[in-house]
Colleague: 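Starting off with a structure, shown below.
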Amino acid sequence: MLTVLLLGPVLFAQSLDDFRLPPKSVFDSSMPRYPNLWFYIDPGLARSHDAAVKLVTSRLRNAMQLPEFFPPFENPEGCDFEVRVEHLQPWIDPARRALQHAHAFHMRYYYTALSSPRLAKVRIPWRGATREFYRFAASAHYEVEHANPHHADVEECPICGRTGPEYGKLEGGLVEQVHDPLGLELLLTGAIRGQRVHHEDWERRPFGGIQTLSADYHITSSTHPGQTTGRNTLRIGIVVFEPKR
């Protein structure tokens with residue numbers, strides 16, 4: 001399946017295979033799911049793989065107000081570090097008050113496993129040419145917040161559950177089928193099921209999304225079907241950072 005990306009005045013059809021994603025085996029065996037988010041960074045923005053990682057993670061931290069947590073902590077799933085935002089989109093249903101909860105955006109970064117020269121930088125077809133990019137991965141998902149006794153799953157929740165026309169009929173693990181694609185949607189668009197998300201603080205700041213960085217970088221994002229060749233997550237997102245033109 002091809003995803004069509006809008007790149008300037010022309011449409012360019014890009015296959016997930018074009019991005020030359022590595023197999024799951026390159027990551028630590030404690031990582032349960034294939035990363036559902038991949039960042040590709042033009043070398044014109046960073047002089048090394050480490051610099052590319054720091055560029056993206058620091059800019060996302062500041063733009064989207066993402067608290068960072070570094071191991072050791074409970075259940076790191078082989079990540080280098082993670083970000084978590086709690087108390088988003090509280091769900092309170094008078095008919096199901098015992099299930100009420102708010103939500104958490106949770107994203108783990110994976111870059112050490114990709115730091116070797118053969119994995120850190122790849123050549124891919126891009127804009128009608130073959131281009132080099134640094135790359136690293138993340139696993140983003142959206143679930144019942146961590147302090148709630150129902151963490152992480154409430155199947156009936158209209159926000160994070162197996163509900164609605166998009167997710168209601170999907171079978172399999174709730175994390176892979178619903179939590180992962182919701183986390184990807186929030187990171188890419190700042191919305192959940194098309195509804196804009198705000199931080200639950202006194203300012204009610206918009207959560208934002210990757211496009212909050214578009215004032216400083218040319219950003220192209222796309223989503224592709226997962227669940228193929230060991231990629232055990234519903235969708236995979238690609239985000240490409242390039243210098244402003």
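Quick note: numbers below take in every heavy atom, side chains included, and nothing from hydrogens, waters or symmetry partners.
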Colleague: Assess the residue pair Y40 and W126 against the criterion (side chain to side chain contact (heavy atoms under 4.5 Å, CB included)); give the C-alpha distance rounded to whole Å, side-chain angles, the decisive distance to 0.1 Å, and a yes or no.
Modeller: CA-CA 11 Å; Y40 283 70; W126 189 252; over 6 Å; no

Colleague: Ignoring hydrogens, what is the shortest heavy-atom contact between R193 and L182? Give both atom names and the distance.
Modeller: CG-CD2, 4.0 Å

Colleague: Can a side-chain donor-acceptor contact be found between S30 and D28 if the only test is distance below 3.5 angstrom?
Modeller: yes

Colleague: Using a 6.0 Å cut-off, check whether atom CZ of R118 has over 12 heavy atoms from anything other than its own residue.
Modeller: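 12 or below, so no.
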
Colleague: Run the numbers on W38 and L16 for side chain to side chain contact (heavy atoms under 4.5 Å, CB included), then give the verdict.
Modeller: CA-CA 11 Å; W38 287 80; L16 185 61; over 6 Å; no

Colleague: Among L187, L66, I192, which one satisfies side chain to side chain contact (heavy atoms under 4.5 Å, CB included) with F207?
Modeller: L66

Colleague: Can we say E68 and R61 salt-bridge, meaning some charged N sits less than 4.0 Å from an Asp/Glu carboxylate O?
Modeller: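 A salt bridge links E68 with R61.
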
Colleague: Please name the pair of heavy atoms, one in R205 and one in Q65, separated by the smallest distance, quoted to 0.1 Å.
Modeller: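 Taking every non-hydrogen atom into account, NH1-CG, 2.8 Å.
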
Colleague: State which residue, out of I210, V53, T57, fulfils the side chain to side chain contact (heavy atoms under 4.5 Å, CB included) condition with F39.
Modeller: I210

Colleague: So if I apply the salt bridge (Lys or Arg N to Asp or Glu O under 4.0 Å) rule between D180 and each of R231, R108, R33, R235, which one comes out positive?
Modeller: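 Only one of R231, R108, R33, R235 forms a salt bridge (Lys or Arg N to Asp or Glu O under 4.0 Å) with D180, namely R33.
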
Colleague: Please report the shortest heavy-atom distance between F69 and F81, naming the atom on each side.
Modeller: O-CB, 3.3 Å

Colleague: Within a strict 4.5 Å, meaning less than it, do heavy atoms of the P67 and E86 side chains meet?
Modeller: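 The answer is no, as the side chains (C-beta and beyond) never meet within the 4.5 Å cut-off.
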
Colleague: Does T189 use its side chain to pair, donor to acceptor, with the backbone of L186 at less than 3.5 Å?
Modeller: no

Colleague: Between D216 (side chain only) and L213 (backbone N and O only), is there a donor and an acceptor less than 3.5 Å apart?
Modeller: no

Colleague: Are side-chain heavy atoms of M107 and L37 found at a separation under 4.5 Å?
Modeller: yes

Colleague: For Q177 versus L234, what's the shortest heavy-atom pair and its separation?
Modeller: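 What the structure gives for the nearest pair is O-CD2, 3.4 Å.
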
Colleague: Hey, would you say the H49 and Y111 ring centroids sit under 6.0 Å apart?
Modeller: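 No, the ring of H49 stays outside the 6.0 Å limit from the ring of Y111, centre to centre.
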
Colleague: Within a radius of less than 6.0 Å around CZ of R47, do more than 12 heavy atoms belonging to other residues, nucleotides or ligands occur?
Modeller: no

Colleague: Among E82, E145, R84, H179, which residue satisfies the side-chain hydrogen bond (donor to acceptor under 3.5 Å, both in side chains) criterion with H106?
Modeller: E82

Colleague: Has N148 got a side-chain atom pairing as donor or acceptor with Q100's backbone, closer than 3.5 angstrom?
Modeller: yes

Colleague: Please tell me if the side chains of V144 and C160 come closer than 4.5 Å, counting only heavy atoms from C-beta onward.
Modeller: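 Yes - at least one pair of side-chain heavy atoms lies under 4.5 Å apart.
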
Colleague: Going by heavy atoms in the side chains, are V240 and R127 under 4.5 Å from each other?
Modeller: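 Sidechains of R127 and V240: no contact.
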
Colleague: Identify the heavy atoms of P22 and R135 that sit nearest to each other, and give their distance.
Modeller: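 Shortest heavy-atom separation between P22 and R135 comes out as CD-NH1, 3.6 Å.
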
Colleague: How long is the gap from CD on E132 to NZ on K121, to the nearest 0.5 Å?
Modeller: 4.5 Å

Colleague: When rounded to the nearest 0.5 angstrom, what is the spacing between OH in Y142 and CG in L184?
Modeller: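 Those atoms lie 14.0 Å apart.
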
Colleague: Quick one: do T163 and C157 satisfy side chain to side chain contact (heavy atoms under 4.5 Å, CB included)? Show the steps, please.
Modeller: CA-CA 7 Å; T163 56; C157 178; 6.0 Å; no

Colleague: Is the shortest heavy-atom distance from the side chain of E156 to the side chain of D93 under 4.5 Å?
Modeller: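 Heavy-atom side-chain distance check fails, nothing below 4.5 Å.
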
Colleague: Going only through I, L, V, M, F, W and Y residues with side-chain contacts under 4.5 Å, is there a path from F105 to V175?
Modeller: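 No, no single cluster joins them.
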
Colleague: P125 and Q14: which non-hydrogen atoms are nearest, and at how many Å?
Modeller: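 Reported closest heavy-atom pair: O-NE2, 2.8 Å.
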
Colleague: Taking it one step at a time, do E242 and R131 satisfy side chain to side chain contact (heavy atoms under 4.5 Å, CB included)?
Modeller: CA-CA 11 Å; E242 299 174 273; R131 300 262 305 278; 3.1 Å; yes

Colleague: Does any non-hydrogen side-chain atom of K24 lie less than 4.5 Å from one of N232?
Modeller: yes

Colleague: Other residues, nucleotides and ligands only: do more than 12 of their heavy atoms fall within 6.0 Å of CD on E203?
Modeller: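 Above 12, so yes.
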
Colleague: Do the non-hydrogen side-chain atoms of V56 and Y134 ever get within less than 4.5 Å of each other?
Modeller: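 A side-chain contact under 4.5 Å is absent here.
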
Colleague: Side chains of S222 and H224: is there a donor and an acceptor less than 3.5 Å apart?
Modeller: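 There is such a pair (donor and acceptor under 3.5 Å, judged by atom type) between the side chains of S222 and H224.
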
Colleague: Please determine whether residues L60 and F70 belong to a single hydrophobic cluster, defined as Ile, Leu, Val, Met, Phe, Trp and Tyr linked transitively by side-chain heavy-atom distances below 4.5 Å.
Modeller: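 Same cluster: L60 reaches F70 through Ile, Leu, Val, Met, Phe, Trp or Tyr contacts under 4.5 Å.
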
Colleague: First locate atom OG1 of T233, then atom CD of Q227, and finally report the distance between them rounded to the nearest 0.5 Å.
Modeller: 7.5 Å

Colleague: From F136 CZ over to I41 CD1, what is the distance, rounded to the nearest 0.5 angstrom?
Modeller: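 Answer rounded to 0.5 Å: 5.0 Å.
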
Colleague: Got a second to check how far Q89's CD is from H101's NE2, nearest 0.5 Å?
Modeller: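 Reported to 0.5 Å precision, the distance equals 9.5 Å.
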
Colleague: Is there a donor-acceptor pair closer than 3.5 Å between any side-chain N or O of R162 and the backbone N or O of L170?
Modeller: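 Yes.
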
Colleague: Tell me whether K244 at atom NZ has more than 12 heavy atoms from other residues, nucleotides or ligands lying less than 6.0 Å away.
Modeller: yes

Colleague: Roughly how far, to the nearest 0.5 Å, is CG of L21 from CG of L119?
Modeller: 11.5 Å

